[in-house]
Amino acid sequence: MKTYAIIGNQYEGLYTQPWSKVQPLTKTRPAPKFKGFDSKASAQIWFDQEKASQNLRHRQYTTVYDGAFTAEPQRYYIFTDGGNRNTGNHAGGHVKPTDKAAWAIAIYQGPNLTQPLYTDSQAYLGRTNNDMEVQALLHALEAAEKFTEPFTIVSDSKYVLDTVTNWMYNWQRAGWKKASGPIANLASWQKIFTLVTAQADRLAFIWVKGHASSAGNIMVDQLLNTAMDQL
RNA sequence: CCUGAAGCCAUG
DNA sequence: CATGGCTTCAGG
């Protein structure tokens, strides 16, 4: 019997009604995955496999475009940021050994994210911006080992957030290989994998738009810039 | 190779 | 405000 499977919205399940009845159930936000099958059995197999891989897929992050989110009381919020000054960039150019780079973190406790409890930063020469974003995450996770409260990592880097929440699990399952080319900043990601899997039960992630009125994001941006100034 | 996303810079 | 390059990734 012709069967349609829907996964990922409020209508998740198997349907044997005609497509004209099922199609409206797929037009939702967020968009679901859906597929048609010739038998209910094959639909069930696909559904179970998708569901299993969905369970294996790890936590997502919430996105915040206006910089404002409600902070839970007693929860810790660690803002992270990284940057470099790629002076005199030109076509075909790369990060020079003399380019300054830095990462910074700032730890707050909810619900009032006004005064950081702790800040840290470090400047280097000749490192990439993304390397610094990853370093910031790594140091945030290491700092979190010093307390036991639940905590949230706040970053403005999709590269960092997509990797901690999704890609690094795929890379790890594949023996630390990705679709094409070598994995950048591999050693850092392997350390982060260990730290995140150990603390997963009290860890969440938020993405904020860079420089968009988030006090914590602006704070770490200033911290890493003064770190570069002092280098 | 192309598409997409985010970040980081430089110059005017 | 605008143009242009580099760091990273996934998917087609």
Side-chain angles (χ1 to χ4, degrees), chain A residues 8 29-35 50 53-54 56-67 69 78-106 121-140 153-193 196 205-214 216-229 231:
Chain A
R29 285 274 309 180
K33 279 189 171 184
F34 53 91
K35 194 167 177 167
E50 284 297 316
S53 82
Q54 183 179 304
L56 277 181
R57 201 154 36 224
H58 291 253
R59 75 202 55 248
Q60 284 298 313
Y61 52 87
T62 37
T63 61
V64 176
Y65 278 91
D66 58 7
F69 54 88
I78 311 183
F79 288 78
T80 69
D81 199 9
N84 81 329
R85 289 179 184 153
N86 199 356
T87 51
N89 210 344
H90 62 282
H94 296 296
V95 176
K96 297 177 188 169
T98 50
D99 289 341
K100 293 181 178 184
W103 57 263
I105 66 174
S121 62
Q122 175 73 48
Y124 302 87
L125 291 174
R127 309 276 217 106
T128 67
N129 68 315
N130 280 341
D131 185 3
M132 291 297 99
E133 301 272 12
V134 176
Q135 289 303 312
L137 169 62
L138 182 53
H139 283 87
I153 303 272
V154 187
S155 170
D156 61 21
S157 169
K158 290 268 204 218
Y159 164 55
V160 161
L161 260 2
D162 283 333
T163 304
V164 249
T165 57
N166 271 319
W167 301 334
M168 79 172 179
Y169 298 97
N170 300 334
W171 301 345
Q172 192 270 341
R173 273 198 299 273
W176 293 103
K177 292 208 169 53
K178 69 177 181 63
S180 69
I183 296 172
N185 312 305
L186 175 59
S188 300
W189 284 120
Q190 289 174 325
K191 287 182 203 163
I192 287 167
F193 184 88
V196 167
F205 296 95
I206 291 181
W207 176 83
V208 288
K209 176 117 187 81
H211 308 262
S213 83
S214 169
N217 184 257
I218 290 164
M219 162 69 80
V220 284
D221 188 68
Q222 286 168 356
L223 281 174
L224 74 89
N225 274 291
T226 55
M228 286 192 283
D229 290 341
L231 187 66

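These numbers were taken from a predicted model, which means no experiment stands behind them. Throughout, protein chains are lettered first and strands after them, A, B, ... in sequence-line order, and every chain is numbered starting at 1.
Sorted by residue number, the members of residues 121-131 of chain A with any non-hydrogen atom under 4.0 Å from DNA chain C read A/T128, A/N129, A/N130, A/D131.
Residue A/D81 has its side chain nearest to B/C8 when only C/dT8, B/C8, B/C9 are considered.
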Please list, for nucleotides 9-12 of chain C, all pairs of protein and nucleotide N/O atoms separated by less than 3.5 Å.
| residue | atom | partner | partner atom | Å |
| --- | --- | --- | --- | --- |
| C/dC9 | OP1 | A/A184 | N | 3.1 |
| C/dA10 | OP1 | A/W171 | NE1 | 3.0 |

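For A/W167, the ring pair (Phe, Tyr, Trp, His ring centres under 6.0 Å) criterion is met by no residue, not counting sequence neighbours. With sequence neighbours excluded, the residues satisfying ring pair (Phe, Tyr, Trp, His ring centres under 6.0 Å) with A/Y159 are A/W189. Taking the side chain to side chain contact (heavy atoms under 4.5 Å, CB included) definition, one finds that A/Q172 meets it with A/W176, A/F193, sequence neighbours left out. For A/R85, the side chain to side chain donor-acceptor pair (under 3.5 Å) criterion is met by A/N225, A/D229, not counting sequence neighbours. Taking A/N130 as the reference, nothing meets the side chain to side chain donor-acceptor pair (under 3.5 Å) condition, with sequence neighbours excluded.
The interatomic distance linking A/E133 (CD) with C/dC6 (C1') rounds to 14 Å, in whole Å. When rounded to the nearest whole Å, the span between NZ of A/K100 and C1' of B/A10 equals 16 Å. Atom CZ in A/R85 sits roughly 12 Å away from atom C1' in B/C8 (whole-Å rounding). Atom CD1 of A/I153 and atom P of B/G7 are 18 Å apart (whole Å). One atom, CD1 of A/I218, and another, P of B/G7, lie 14 Å apart when rounded to the nearest Å. One interatomic measurement links the two molecules: CG of A/D156 to C1' of B/C8, which rounds to 10 Å at whole-angstrom precision. A straight line from CZ of A/F205 to C1' of B/G7 spans 17 Å, rounded to a whole angstrom. One can place NZ of A/K209 at 11 Å from P of B/A5, the figure rounded to the nearest angstrom.
Each of A/W207 and A/L224 was assigned the nucleotide of RNA chain B with the nearest heavy atom; the assignment lying further toward the 5' end belongs to A/W207.
Sparse packing is recorded around NZ of A/K191, with 12 or fewer heavy atoms of other residues, nucleotides or ligands lying under 6.0 Å away.
Heavy-atom minimum distance, A/T80 versus A/A140: CG2-CB, 3.7 Å.
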List, one per line, each side-chain donor-acceptor pair under 3.5 Å for residues 131-139 of chain A, sequence neighbours excluded.
| residue | atom | partner | partner atom | Å |
| --- | --- | --- | --- | --- |
| A/D131 | OD2 | A/R127 | NH1 | 2.8 |
| A/E133 | OE1 | A/G82 | N | 3.3 |
| A/Q135 | NE2 | A/S188 | OG | 3.0 |
| A/H139 | ND1 | A/Q135 | O | 2.9 |

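A donor-acceptor contact shorter than 3.5 Å links the side chain of A/K100 to the backbone of A/L231.
Nucleic acid contact for A/D99: none, since no nucleic acid atom lies under 4.0 Å from a heavy atom of the residue.
End-to-end axis angle of the helix from B/C1-C/dG12 to B/G12-C/dC1, using five pairs per end and rounding to 10°, comes to 20°.
Counting only residues at least two apart or on different chains, no salt bridge (Lys or Arg N to Asp or Glu O under 4.0 Å) pair has a member in residues 217-228 of chain A. The stretch residues 156-168 of chain A participates, sequence neighbours left out, in no salt bridge (Lys or Arg N to Asp or Glu O under 4.0 Å) pair at all.
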